[in-house]
Peer 1: 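Below is one structure. I have some questions about it.
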Amino acid sequence: MQRWLESRALPANLRGMDHIAFLRTLDGPTRDSLTRRSDLRGVVHLAGHAGAIVAMGLYIAVQGPFWGLLLVPQGVALVFLFTLSHECTHGTPFANPRLCDLVGHAVAPILALPFLWFRYFHLAHHRFTNDPERDPEIAGHGRPETTKEYLIYVSGWGYWSGNIAILWTNAFGRIVADYLPARRHDAMRREARVILGLYGLAALSLAFSPVLFWIWLLPVLVGQPFLRLYLLAEHGHCPPVADMLENTRTTLTNRILRFFAWNMPYHAEHHAFPAVPFHALPRLHGLVRDHLKTVAPGYAAFTRAYIGDLDG
């Protein structure tokens, strides 16, 4: 996979600098500036993201001219709420931690992504990034290496079936993952039961109106493959090393995608310094870009290279 990555010709005195060494170069005022959170920045960004979803959803609901053409962009906007939920697990999109939790819980039913569970799952991912034995994103199954595995992954089948199974287990079964603290099990059970209850109401509503099918269910199904391709670029075929500037990939892309992904294409930057909120990641990128070791020039380039390396 290294043949298509942007080369990084570092000065001799910087060659080999890992994320820890880089963080040590940041002085106190710079760290404080980078980690400063803002309710205003978060709410404005959320208003733009949610506003696009509501506007497209209303147009689909009233079936305006060529409304079917909006199903895919509506789906993409919906599934990329995943990146907002992800940001909320870190408590960084807003200065008010209660607002972070509220938004994280609000997104959960849309994506079958229980927020409390996801918070601890994701923190374990940060702690053991790309460790094939301990990173819960890949432990026991890894990322797709064959054409068949890739197609199943991109379809979103594993995401939907896996998350519904997690919801059911959290609601009615035994919660056993070692990264899920026992003191939070009861809260996870309540959360899962609430989400499943909401799904029951949604299913009941379909008997009276198909509107949820057209503005939510079908769009998230057709949008999920785009999120799968995006997420695969974050760590796919990155080496299982401790350096966050190497085991995580930054993908250079356009402003529209960065907007809906809450700047998470700057993913090595995020892993190197998770306390930095979305709106400061471009600045962090400017500081660390000469030290990044795994960079893709775009998602199309990454996808072509990944497919080219598949077996069978």
Side-chain angles (χ1 to χ4, degrees), residues 4-6 8 19 33-56 72-94 100 103-104 107 110-111 113 122 125-126 219-220 223-236 238 244-245 248-306:
W4 58 272
L5 297 179
E6 287 191 346
R8 294 300 186 193
H19 74 281
S33 175
L34 286 170
T35 57
R36 189 171 300 123
R37 299 164 193 183
S38 167
D39 284 339
L40 178 61
R41 298 289 294 269
V43 169
V44 168
H45 199 100
L46 176 58
H49 193 156
I53 291 171
V54 171
M56 289 188 289
V72 171
Q74 170 76 342
V76 171
L78 282 168
V79 298
F80 269 82
L81 287 172
F82 175 95
T83 57
L84 170 58
S85 178
H86 156 269
E87 184 89 345
C88 287
T89 66
H90 292 284
T92 51
F94 311 100
C100 292
V103 171
V107 168
I110 299 172
L111 302 177
L113 186 67
H122 187 68
H125 161 65
H126 267 263
V220 295
Q224 187 63 216
F226 294 91
L227 181 64
R228 293 297 99 197
L229 293 172
Y230 159 84
L231 290 174
L232 189 58
E234 291 182 344
H235 304 284
C238 293
M244 299 296 181
L245 303 181
T248 303
R249 177 178 291 103
T250 282
T251 303
L252 307 178
T253 188
N254 61 72
R255 292 184 179 183
I256 295 175
L257 202 157
R258 288 201 304 270
F259 175 85
F260 283 102
W262 290 70
N263 277 330
M264 284 302 131
Y266 295 127
H267 210 61
E269 294 84 345
H270 165 69
H271 268 259
F273 202 171
V276 174
F278 72 95
H279 56 81
L281 284 174
R283 183 181 170 208
L284 179 58
H285 172 72
L287 296 172
V288 76
R289 62 187 172 192
D290 289 336
H291 314 311
L292 298 174
K293 302 176 182 68
T294 310
V295 180
Y299 287 97
F302 169 80
T303 299
R304 286 194 299 270
Y306 199 98

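In this chain, numbering begins with 1 at the start of the sequence shown.
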Peer 1: Say you draw a straight line from OH of Tyr266 to OG1 of Thr250; how long is it, rounded to the nearest 0.5 Å?
Peer 2: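 Between Tyr266 OH and Thr250 OG1, I get 8.5 Å after rounding to 0.5 Å.
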Peer 1: What heavy-atom pair brings Arg41 and Phe278 nearest, and what distance separates the two atoms?
Peer 2: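 Shortest heavy-atom separation between Arg41 and Phe278 comes out as O-CZ, 3.6 Å.
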Peer 1: Quick one: closest heavy-atom pair of Ala301 and Pro297, and the distance?
Peer 2: CB-CG, 3.7 Å
Peer 1: Are Leu287 and Leu34 side-chain neighbours, meaning at least one heavy-atom pair lies under 4.5 Å?
Peer 2: yes
Peer 1: To check you understand the geometry: which heavy-atom pair defines the closest contact between Pro93 and Cys88, and what is its length?
Peer 2: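 Answer, listing the atom of Pro93 first, then Cys88: CG-SG, 3.7 Å.
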Peer 1: Calculate, to the nearest 0.5 Å, the distance between atoms CD and CG belonging to Gln224 and Leu78 respectively.
Peer 2: 11.0 Å
Peer 1: Please report the interatomic distance OG(Ser33) to CG(Leu284), rounded to the nearest 0.5 Å.
Peer 2: 11.0 Å
Peer 1: Using a 4.5 Å cut-off on heavy atoms from C-beta on, say whether the side chain of Leu292 contacts that of His285.
Peer 2: yes
Peer 1: Where do Pro274 and Thr92 come nearest, in terms of heavy atoms and distance?
Peer 2: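 Closest pair (atom of Pro274, atom of Thr92, distance): O-CG2, 3.8 Å.
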Peer 1: Only one of Tyr230, Phe226, Tyr306 passes ring-ring contact (aromatic ring centres under 6.0 Å, His included) with Tyr299; say which it is.
Peer 2: Tyr230
Peer 1: Out of curiosity, Leu252 CG to Arg289 CZ, how far, rounded to the nearest 0.5 Å?
Peer 2: 10.0 Å
Peer 1: What orientation do His270 and His90 show, parallel under 30°, tilted 30 to 60°, or perpendicular over 60°?
Peer 2: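 Because their plane-to-plane angle is over 60°, the rings of His270 and His90 count as perpendicular.
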Peer 1: So which heavy atom on Val220 is nearest to which on Val79, and how close?
Peer 2: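 The answer is O-CG1, 3.6 Å.
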Peer 1: I need the minimum non-hydrogen distance between Arg249 and Ala233, along with the two atoms involved.
Peer 2: NH1-O, 2.8 Å
Peer 1: Are the side chain of His49 and the backbone N or O of Leu46 linked by a donor-acceptor pair below 3.5 Å?
Peer 2: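 Not at all, since once roles are kept as given, no pair shorter than 3.5 Å links the two residues.
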Peer 1: With a 4.5 Å limit on heavy-atom distance, are the side chains of Phe82 and Leu231 in contact?
Peer 2: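 Sidechains of Leu231 and Phe82: in contact.
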Peer 1: For Gly42, is there any backbone N or O sitting under 3.5 Å from a side-chain donor or acceptor partner on Arg37?
Peer 2: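 Pair absent, no side-chain N/O of Arg37 close to backbone of Gly42.
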Peer 1: Do the non-hydrogen side-chain atoms of His126 and His271 ever get within less than 4.5 Å of each other?
Peer 2: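 Yes; the side chains approach each other to less than 4.5 Å.
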Peer 1: Can you confirm whether or not the ring centre of His122 sits under 6.0 Å from the ring centre of His86?
Peer 2: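 Ring-ring flag for His122/His86: true, centres closer than 6.0 Å.
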Peer 1: So, taking the atom named NE2 in His45 and the one named CZ in Phe260, what distance separates them when rounded to the nearest 0.5 Å?
Peer 2: 8.0 Å
Peer 1: Contact between Leu81 and Ile53 at the side-chain level, heavy atoms closer than 4.5 Å - yes or no?
Peer 2: yes
Peer 1: Does Val107 reach the side chain of Leu113, with side-chain heavy atoms less than 4.5 Å apart?
Peer 2: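 A side-chain contact under 4.5 Å is absent here.
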Peer 1: If you round to the nearest 0.5 Å, how far is CE of Met244 from NE2 of His235?
Peer 2: 8.5 Å
Peer 1: Are any of the side-chain heavy atoms of Phe302 and Thr251 separated by less than 4.5 Å?
Peer 2: no
Peer 1: Side chains of Pro282 and Arg258: closer than 4.5 Å at any heavy-atom pair?
Peer 2: no
